[in-house]
Structures are given as C-alpha cells and as structure tokens.
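All values below come from the heavy atoms of this structure, side chains included, with hydrogens, waters and symmetry mates left out. Each residue takes its place number in the sequence, starting with 1. Numbering of ligands and ligand atoms starts at 1, following listing order.
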Amino acid sequence: MEDAFSYDIAILGAGPAGSTAALALQHAGLRVALLDKATFPRDKVCGDAIPGLGIKVLRQLAPEFAAEFDQLDCHLHTRRTRFIWEDSQELSFQWVLPAYTCKRIDFDDALLSLVSRHTQTDIRLNTPVSRIVSTEKGVSIHTQQGTVQAKILIGCDGSRSLAARALRSEKIDRVHHGGAVRAYVTGISDMHSDQTEIFVQKRFLPGYFWCFPLPNGGANIGFGMQSEAIANRKVNLREALKDFIAHSPVLRDRFKNAHWVGGIQGYGLPFGSQQVQVSGKRILLAGDAACLVDPFSGDGIGNAMLSGRMAAERAVQALEVDTYDDAFLKGYDQQLWNKLGHELQLKTRVQRFITAFPALLPWGMRFAKIPPVKRWLHRTF
Ligand SMILES: Cc1cc2nc3c(=O)[nH]c(=O)nc-3n(C[C@H](O)[C@H](O)[C@H](O)COP(=O)(O)OP(=O)(O)OC[C@H]3O[C@@H](n4cnc5c(N)ncnc54)[C@H](O)[C@@H]3O)c2cc1C
C-alpha cells in the first residue's frame with residue numbers, strides 16, 4: 001500500500017490524452033504518476049490518421065517534441081483528403097496544418113517515449129486499475145499492485161473509462177456514439193502517400209469507408225457508422241467493410257492484388273455531439289473518456305491531446321490554490337466546451353443533415369467547390 005498522497009496528480013491511461021497531460025506537466029515540479037494496464041508499445045484500434053491539431057498541441061508544448069516526432073520514419077505526411085461519392089463525383093481538400101498517418105502502436109509509443117525522456121513522471125505500465133474511490137481527502141486508485149493515492153486524477157482511460165463511471169453513471173447513448181472497424185492491407189493500387197481517402201455510397205449511409213496510406217506500401221482501411229444506425233439497421237460492420245469494397249467497381253479494381261494483414265478489429269467512438277460532465281469528485285476527464293470524438297470525421301486524437309493539456313493546466317491551478325471542490329473544477333468543463341463545443345456542434349449538424357438528406361450530398365459536394373465555400377471548409381474542417 002502506498003503512503004497517503006504519494007502523488008500530486010495521477011493520470012489514468014497513457015494514450016494520446018494521458019501522455020499529453022504528462023508532457024504538459026513537464027515543468028510543474030509536481031509528483032506525477034501515469035498508469036496504464038498495457039505494456040507499450042501497445043496497439044489501439046484506429047484509422048491511424050494523426051490530425052494536425054494533435055501535432056499543433058505537441059509543438060505548443062515544446063517545438064522539439066514535434067520536431068522529434070517529425071524525424072521518425074514510422075509515418076507519412078498527409079496533405080490532402082479526397083472524398084468520393086458513388087465512385088463518380090469527388091472533392092479534394094488541402095489541409096492547413098501538417099498532418100500524418102502513423103500506426104497507433106508507433107504513435108502512442110513515440111508520445112510515451114517523450115514522457116519518459118523529458119519528464120520526471122513515474123510511468124507505471126502493466127497496471128490495470130480496477131476501482132477509483134474519491135473522498136474529500138484525495139483519490140484512491142486501486143490496482144493489482146496496490147493503491148495509488150493522488151490529490152487529483154486525470155482520467156484518460158478511453159471510451160470505456162472507469163474514471164468517467166466514477167464521475168457519472170451513464171449508459172452508452174447510441175445517438176452520441178459510433179462504432180467502427182479497421183484492417184491493415186497491403187498491395188492496394190493507386191495509393192498516394194500524401195493523401196487520405198473517404199468513400200461514401202448511398203446504400204451504406206450514414207456510414208463511410210476510409211483508405212489511409214501507411215509507410216512501406218501499407219494502408220489502414222475501415223468502415224464506421226453512428227451506433228443508433230448500426231442497431232436499427234442491424235449492421236455487421238465487418239461484413240459492411242467487405243461489402244463496401246465489393247459494391248464499388250473502383251475499389252474492387254484497386255483491391256485486386258490486396259493482401260489483408262491480420263484480422264478486422266472494431267471499437268467504439270464516443271462522439272462529442274453533446275456536452276457531458278468532465279469534472280468533479282477530484283477527477284478531470286480528457287480524450288475519449290470526455291467524449292470528444294468528432295462526429296463527422298471520427299477524429300479523436302487531436303481533441304484528446306488538446307483536452308489532456310487543458311486538464312493538466314486545470315489540475316495545476318487546483319494544486320496551486322489547494323482547492324479541489326466541484327465548483328472549482330467545473331471551470332474545466334466550461335473552458336473545454338468553449339474551445340471545442342462550437343466546432344463539435346457544427347460537425348454534428350453536418351453529420352445529421354447528411355444522414356437525413358443523403359440525396360443532397362452530391363449537390364453539397366458541387367457547392368463545396370465554389371472558391372469562398374471551399375476556403376471556409378478548409379478553415380473549418
Ligand atoms: C475504428 C476507429 C478508427 C479511428 N480513427 C481515428 C483516426 O483516424 N484519427 C483520429 O484522430 N481518431 C480516430 N479514432 C478515435 C481515436 O482512436 C480516439 O479518439 C483516441 O484514441 C483517444 O485517445 P485517448 O488517449 O483518449 O484514449 P485511448 O487511446 O483509448 O487510450 C486509453 C488508454 O487507457 C488505458 N486504460 C483503459 N482502461 C484502463 C484501466 N482500467 N486501467 C489502466 N489503464 C487503462 C488503455 O490501455 C489505453 O492505453 C478512431 C477510433 C476508432 C474506434
């Protein structure tokens with residue numbers, strides 16, 4: 001058993017949100033523990049598209065962090081995304097911020113390596129947390145190896161978050177949740193290393209298919225959909241992924257010599273289409289635990305990293321004034337929603353509009369090619 005208040009801050013989960021929170025505490029002079037049930041490198045089911053926002057957060061923390069990541073050879077620079085409707089109509093977007101594709105097994109390990117080399121964080125891997133008890137005196141985090149005590153906990157433990165359940169008991173709301181599957185494939189023809197591709201077909205709406213390039217001729221392909229639609233239509237996502245390719249003459253041809261590496265894996269996406277409670281009981285939530293996935297694109301890494309940093313900043317403020325009550329921590333809810341809420345709401349409306357009126361999508365794509373509209377979309381999406 002650990003001594004009381006062994007740590008000032010405990011971070012649960014060493015994914016993008018948790019590692020970023022630890023990096024943000026680099027100069028805080030605090031006793032910080034980072035706990036994860038996995039040993040790293042560990043995989044996370046994902047599309048492996050690292051949004052520009054994530055790299056921007058890294059650069060803001062320290063330019064050398066972003067420079068170090070840029071030097072690695074496990075990623076590709078992506079500069080544009082191509083949307084293809086029914087194999088016939090297409091729209092291309094240039095990204096404003098530099099973005100990458102990188103297998104999560106490599107990306108998350110690179111982030112954690114920054115934490116271990118640049119911070120004093122006590123990294124405890126292979127440490128599953130089974131229970132969290134929050135009292136007026138602190139937070140007790142129960143693991144098989146003993147109980148870790150902290151003044152405050154940053155919960156970055158993903159979409160099935162134990163920390164979130166310690167804060168609010170909620171069942172998954174399928175309207176604000178998504179499901180997706182992904183597979184690794186080699187040998188797809190006509191891939192461009194700087195371009196991600198999104199395919200949409202009317203019969204598979206509101207789902208979409210992605211094909212993202214990876215180093216060494218590989219690709220991450222996948223299919224995702226809102227959970228309510230999955231349940232209502234009894235969609236089997238693994239079958240839908242294969243059917244999507246089979247029903248697209250263009251993809252069928254491009255996948256002629258494709259080789260599937262490993263199986264098809266699935267996981268949930270907690271969408272940021274509504275505001276949820278992210279603080280209280282000496283706990284601050286970040287990343288998927290705080291339900292921040294973009295409901296339009298399925299991107300969650302950028303918001304995870306941003307919220308990890310913001311939660312770390314709020315935790316430092318709480319420690320400075322030695323105040324951990326819900327009213328003080330609530331400022332984090334407001335700051336986070338002020339920062340991300342507008343964009344998440346806008347994307348939610350776009351996603352719902354497309355789902356309700358799929359026939360208008362080809363017209364929308366034409367409209368999006370008008371230069372001022374295109375400029376606005378580049379800035380917003
Ligand atoms: C199929 C799919 C495709 C996606 N594609 C993209 C994409 O291309 N781009 C993008 O930006 N986003 C994508 N996302 C979303 C993205 O994966 C998540 O938003 C992102 O991983 C959130 O990071 P996080 O740090 O909050 O959580 P996670 O990455 O899930 O990390 C949580 C960590 O907590 C640990 N943990 C959990 N429970 C415990 C416990 N009890 N004890 C100890 N440790 C624990 C886990 O081991 C894990 O390391 C996709 C999601 C899915 C499902």
Heavy-atom proximity to atom 6 (C) of ligand 1 ranks first, among Cys46, Gly268, Ala290, for Cys46

Heavy-atom nearest option to atom 46 (C) of ligand 1, drawn from Asp108, Asp36, Asn303: Asp36

By number and element, which atoms of ligand 1 are closer than 4.0 Å to a non-hydrogen atom of [X]?
X      : value
Pro128 : 42 (N)
Gly287 : 26 (O)
Tyr267 : 53 (C)
Pro51  : 11 (O)
Gly13  : 33 (C), 34 (O), 35 (C)
Leu12  : 42 (N), 43 (C), 44 (N)

Does [X] approach ligand 1 within less than 4.0 angstrom via side chain, backbone, both or neither, non-hydrogen atoms only?
X      : answer
Asn220 : neither
Lys37  : both
Asp48  : backbone

May I ask you to decide if the ring planes of Phe244 and Phe223 are parallel, tilted or perpendicular, using 30° and 60° as cut-offs? tilted

Close aromatic pair by centroid cut-off 6.0 Å: Phe199 and Phe83: no

Identify the protein heavy atom lying closest to atom 22 (C) of ligand 1, giving its residue, its atom name and the separation to 0.1 Å. Asp288 OD1, 3.3 Å

Flag this pair as yes if the NZ/CZ of Arg314 is under 6.0 angstrom from the six-membered ring centre of Phe328 and inside a 45 degree cone about the axis; otherwise no. yes

Using the six-membered ring of Tyr184, assess whether NZ or CZ of Lys103 lies under 6.0 Å from its centre and within 45 degrees of the ring axis. yes

Looking at ligand 1, does Lys44 have a heavy atom less than 4.0 Å from it? yes

Give a yes/no verdict on whether any heavy atom in Ser161 is under 4.0 Å from an atom of ligand 1. no

